[in-house]
Protein chains: 4
Amino acid sequence: MNKRLDPDMRKQQIIEAAAAVFARKGFYQASMDDIVQESGLSKGGLYWHFKSKDDIVTAVLDQFFSAEMDEINEILMAPLSVSEKLRQLVTQMMADTVEELNAYLNIWLEFYAVAAREGSFRDRMLVYMQQFIELFALLIQQGMDNEEFRPINARETAITLTAQFEGLILLWAIDPETMNLLQLAETAVDIFLEGVRKHT
Amino acid sequence: MNKRLDPDMRKQQIIEAAAAVFARKGFYQASMDDIVQESGLSKGGLYWHFKSKDDIVTAVLDQFFSAEMDEINEILMAPLSVSEKLRQLVTQMMADTVEELNAYLNIWLEFYAVAAREGSFRDRMLVYMQQFIELFALLIQQGMDNEEFRPINARETAITLTAQFEGLILLWAIDPETMNLLQLAETAVDIFLEGVRKHT
Amino acid sequence: MNKRLDPDMRKQQIIEAAAAVFARKGFYQASMDDIVQESGLSKGGLYWHFKSKDDIVTAVLDQFFSAEMDEINEILMAPLSVSEKLRQLVTQMMADTVEELNAYLNIWLEFYAVAAREGSFRDRMLVYMQQFIELFALLIQQGMDNEEFRPINARETAITLTAQFEGLILLWAIDPETMNLLQLAETAVDIFLEGVRKHT
Amino acid sequence: MNKRLDPDMRKQQIIEAAAAVFARKGFYQASMDDIVQESGLSKGGLYWHFKSKDDIVTAVLDQFFSAEMDEINEILMAPLSVSEKLRQLVTQMMADTVEELNAYLNIWLEFYAVAAREGSFRDRMLVYMQQFIELFALLIQQGMDNEEFRPINARETAITLTAQFEGLILLWAIDPETMNLLQLAETAVDIFLEGVRKHT
DNA sequence: GATGAATGAGTCTTCATTCAT
DNA sequence: GATGAATGAAGACTCATTCAT
């Protein structure tokens, strides 16, 4: 269709089309033809840039992960108290989820499902999860060092905290009408911070 | 193969076969032929008892839900302090998850993914989630009435708590080797209980 | 369902149900389950009385033929001039077609289609057609003997006449809204009678 | 099998294969696999050019109709008396039927059956029938204007005439051994022309 | 006689992938 | 690089028929 774009831009174009289609239909429900139509390229064109459907799925997810990680890292750099950073993070991430990620939430959920079943996907997921947990663990360790938090196991607590937010997104994805994700997240942070804070 | 079972037992037989197949391959990856093979029945036999593949999926999930709800209800009836009940619940549910539910975890995750995308599934999911949240909310209300807990919004806290456990299961499903689900759950309850307890 | 009817009545019950279903869906579109439902009997019950679906189709058609032949014979016995008999026949048969046969017209048409393709059906059809033509031929011969008609080949003319009416029913079946079958049939007889009448 | 034909030729190739199969087995008895085999294309290839079995059926019939209409139109253009044109038409059409259409007669008959039952097919059939009747009506009107024919209702007579020929084909399709279609058609035209001719 | 659960070959259709152009 | 026609295995589902009860 459009001729001679930079190959990376073509890939990007395909990834975006695929993401839109996957969000609408799920990885396995979506067909290559759907992606063809959404992308405006031809069947052969897709296969020139990606060698299989799984390849496209993987590319979509990688892109998704790195976008999320970038954002988190940025917030963690800010010069705030640990408690404050946690609040920020929550506010920011949930606001993102509600706004722009909304459309891609389905992909997110489906990826958990697929990852739990298939090795190659799981490995990619693990890398991401571990980075995420690592960041939280550092933050928590910092909190203990500060004496903002009481002594706790940093890694376990980090996992717990990650789980808390993934879980909230999960529930909200099922019932966005009744639930206010931002408000719930704030309640969760409040309880968490109260639960780990050092009584003086 | 086997002839003339009680119709309910046949349905049960099919549901179990289907659950096993779904756990292995996922709802959409699994074919009716897979279920045929696993169940030992014929294609037509399956369709005699269930009118479509979706019908089987739904039956598997309903069964799954009601089993879980039964167990939870049982624990909630026990004559314990609210904090103790919460600990019990966690210990019990996570132990279950690790042991018997293990095989069906994949189904669980995939159902979240599908539910976020398709109405009929979502509705079933909502009913379950609401029951679950409701139970937690009651427990928390009880905790406040007891003066075990400080004044908090019971429903929001219940959602938060549900999210915490669903989230933990989610993460653990991806990385069961490194994570100790029971231990993590206990850490989570500790923090939670500390976070909501009334200081005297 | 109902118990112990006379076997012939059971057969009749099945034939009627089948006729209704076939009219609605066609021989091949209709399933045995459709007939089961319409008849109120069970699957096994149907197969007790008829050994196959084709058997039921055949029975429906035989019944259909003999009903039509009876009616025609009756009219031919009446003490009228040949021209008058022809008019009567037409009036009667077309009125029947419009009224009661209406529902079964589809069967009629489909049977032609099947008969043109399959031996066993064709043979049954032939017997009926030949009887029909034979009757017309006799009538026409009578007309010549009477000197109502000019000398013509009785058999060929009979076939021609049969074709005329079958053809009218055919066209009308496709477009019953615009066509008035009775009127058309009268026009056809008029032209025919004028075409064969002896000028004196 | 063959690669890269002109798309229209491919469609034509499929239509011809399908027509052959339908003639042999009927629309509903024929399977897509039969057409695949007859056409030498693959399953996917068929579905690339036609989106469903019904689509193929429709294409076969459209082609069939237009071929027939072309031929008729040609004859009607000839500079002959109306009576002569009618004779020509009959001779030509019946000769065609006997020769080349022979193989496709079954399709013709089955289409009547299906058309009487299903809307989309009926509509296509109606268009064709109306064109056909229209042509005859014009011819008859011409005959009256010429004073070849006595005053009659042109449309009704046209329908009658159409019915006469469709009917003859119908009967002949059931019993081609005993009947001489050409001869019968001539007898029919004779009687018809005598029945409508103006006595001077 | 009658029931309805069970069978399994067969149906139409989809879809990831390939490849001649 | 790109196209889109072609492939064929696989999918969900149907249905005439059988047979234990």
Side-chain angles (χ1 to χ4, degrees), chain A residues 1-7 10 28-36 40-56, chain B residues 1-7 10-11 28-36 39-56, chain C residues 1-7 10 28-36 40-56, chain D residues 1-7 10-11 28-36 39-56:
Chain A
M1 191 150 250
N2 312 329
K3 308 244 168 136
R4 310 260 150 186
L5 256 74
D6 175 57
R10 269 280 191 257
Y28 293 109
Q29 250 50 4
S31 71
M32 286 302 268
D33 278 318
D34 290 331
I35 303 175
V36 164
L41 268 83
S42 69
K43 199 72 103 32
L46 256 62
Y47 276 91
W48 178 261
H49 292 286
F50 294 92
K51 75 177 214 298
S52 72
K53 190 182 168 189
D54 267 13
D55 239 48
I56 297 181
Chain B
M1 189 153 248
N2 314 328
K3 311 247 164 154
R4 302 266 141 191
L5 253 72
D6 174 62
R10 264 286 188 263
K11 280 203 161 194
Y28 293 108
Q29 252 46 13
S31 71
M32 286 303 271
D33 277 319
D34 290 330
I35 304 176
V36 163
S39 70
L41 277 174
S42 68
K43 197 84 82 72
L46 256 60
Y47 277 94
W48 177 261
H49 292 285
F50 294 92
K51 74 181 209 298
S52 71
K53 190 182 167 188
D54 267 15
D55 233 50
I56 296 181
Chain C
M1 194 148 248
N2 312 329
K3 308 243 168 136
R4 310 259 151 188
L5 256 74
D6 176 55
R10 270 282 191 253
Y28 293 108
Q29 250 49 5
S31 70
M32 287 302 270
D33 279 318
D34 290 329
I35 304 175
V36 164
L41 269 85
S42 68
K43 199 73 104 30
L46 256 60
Y47 276 91
W48 177 262
H49 291 287
F50 294 91
K51 75 178 214 298
S52 72
K53 190 183 168 188
D54 268 12
D55 238 48
I56 297 182
Chain D
M1 189 154 249
N2 314 327
K3 310 244 165 156
R4 301 264 141 191
L5 252 72
D6 175 63
R10 260 286 129 82
K11 281 204 160 192
Y28 293 108
Q29 253 45 13
S31 72
M32 286 303 270
D33 278 319
D34 291 330
I35 304 176
V36 163
S39 71
L41 277 173
S42 68
K43 200 81 84 72
L46 255 61
Y47 276 93
W48 178 261
H49 292 286
F50 294 92
K51 70 181 212 299
S52 70
K53 190 182 169 189
D54 266 16
D55 233 50
I56 297 181

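In what follows, chains carry the letters A, B, and so on, assigned in the order in which the sequence lines appear, proteins first and then strands, with residues in each chain numbered from 1.
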Notebook entry, point to check: Nearest to the side chain of D/Ser52, which nucleotide is it out of E/dT7, F/dG8, E/dT13?
Noted result: E/dT13
Checklist line | Selection from E/dC15, F/dA12, F/dT7 that lies nearest to any side-chain heavy atom of A/Ser31 | finding: E/dC15
Margin query: Ignoring hydrogens and geometry beyond distance, is the side chain of D/Lys53 in donor-acceptor contact with the base of E/dT11 at under 3.5 Å?
Written below: no
Next item on the list: Can you see which heavy atom on D/Leu41 is nearest to which on D/Leu46, and at what distance?
Entry: CB-CD1, 3.8 Å
Notebook entry, point to check: So does A/Lys43 reach the base of E/dT17 with its side chain, donor to acceptor, closer than 3.5 Å?
Noted result: yes
Next item on the list: Let me know the distance between CD of C/Gln29 and P of E/dC12, rounded to the nearest Å.
Entry: 11 Å
Next item on the list: Output the single nucleotide from E/dA16, F/dT14, F/dT7 whose closest atom is nearest the side chain of B/Tyr47.
Entry: F/dT14
Note to self: Expressed as a whole number of angstroms, how long is the span from C/Lys51:NZ to E/dA2:P?
What the structure shows: 19 Å
Next item on the list: Identify the nucleotide, in any strand shown, that forms a Watson-Crick or G-U wobble pair with E/dG8, with both distances under 3.5 Å; if there is none, say none.
Entry: F/dC15
Item checked: Pairwise P distance for F/dT21 and E/dG1, with rounding to whole Å -> 23 Å
Check: In whole angstroms, how far is the C1' atom of F/dG4 from the CZ atom of D/Arg10?
Finding: 13 Å
Next item on the list: Rounded to the nearest angstrom, tell me the gap between atom CG in B/Leu46 and atom P in F/dC15.
Entry: 17 Å
Notebook entry, point to check: Of the nucleotides E/dA2, F/dG4, F/dA6, which has the atom closest to the A/Ser42 side chain?
Noted result: F/dG4
Checklist line | Nearest heavy atoms of A/Asp33 and A/Lys43, plus distance in Å | finding: OD1-CE, 2.8 Å
Margin query: Can you measure B/Ile56 atom CD1 to F/dA12 atom C1' for me and round it to whole angstrom units?
Written below: 11 Å
Notebook entry, point to check: Between E/dT13 atom P and D/Ile35 atom CD1, what is the distance in whole Å?
Noted result: 10 Å
Checklist line | Base-pairing mate for E/dT21 - Watson-Crick or G-U, with both contacts under 3.5 Å | finding: F/dA2
Next item on the list: Round to a whole Å and report the spacing from NE2 of C/His49 to C1' of E/dA2.
Entry: 8 Å
Next item on the list: Could you state the atom-to-atom distance from CE of B/Met32 to P of E/dA6 in whole Å?
Entry: 14 Å
Next item on the list: Let me know, please, whether C/Trp48 or D/Gly44 comes out on the 5' side of the other along DNA chain E by nearest nucleotide.
Entry: C/Trp48
Check: When the nearest nucleotide of DNA chain F is assigned to C/Asp33 and to D/Gly45 on a heavy-atom basis, which residue is associated with the more 5' position?
Finding: D/Gly45
Next item on the list: Please report the shortest heavy-atom distance between D/Lys11 and D/His49, naming the atom on each side.
Entry: CE-O, 3.3 Å
Margin query: Could you tell me if the side chain of D/Lys53 sits less than 4.5 Å from the side chain of D/Ile56, heavy atoms only?
Written below: no
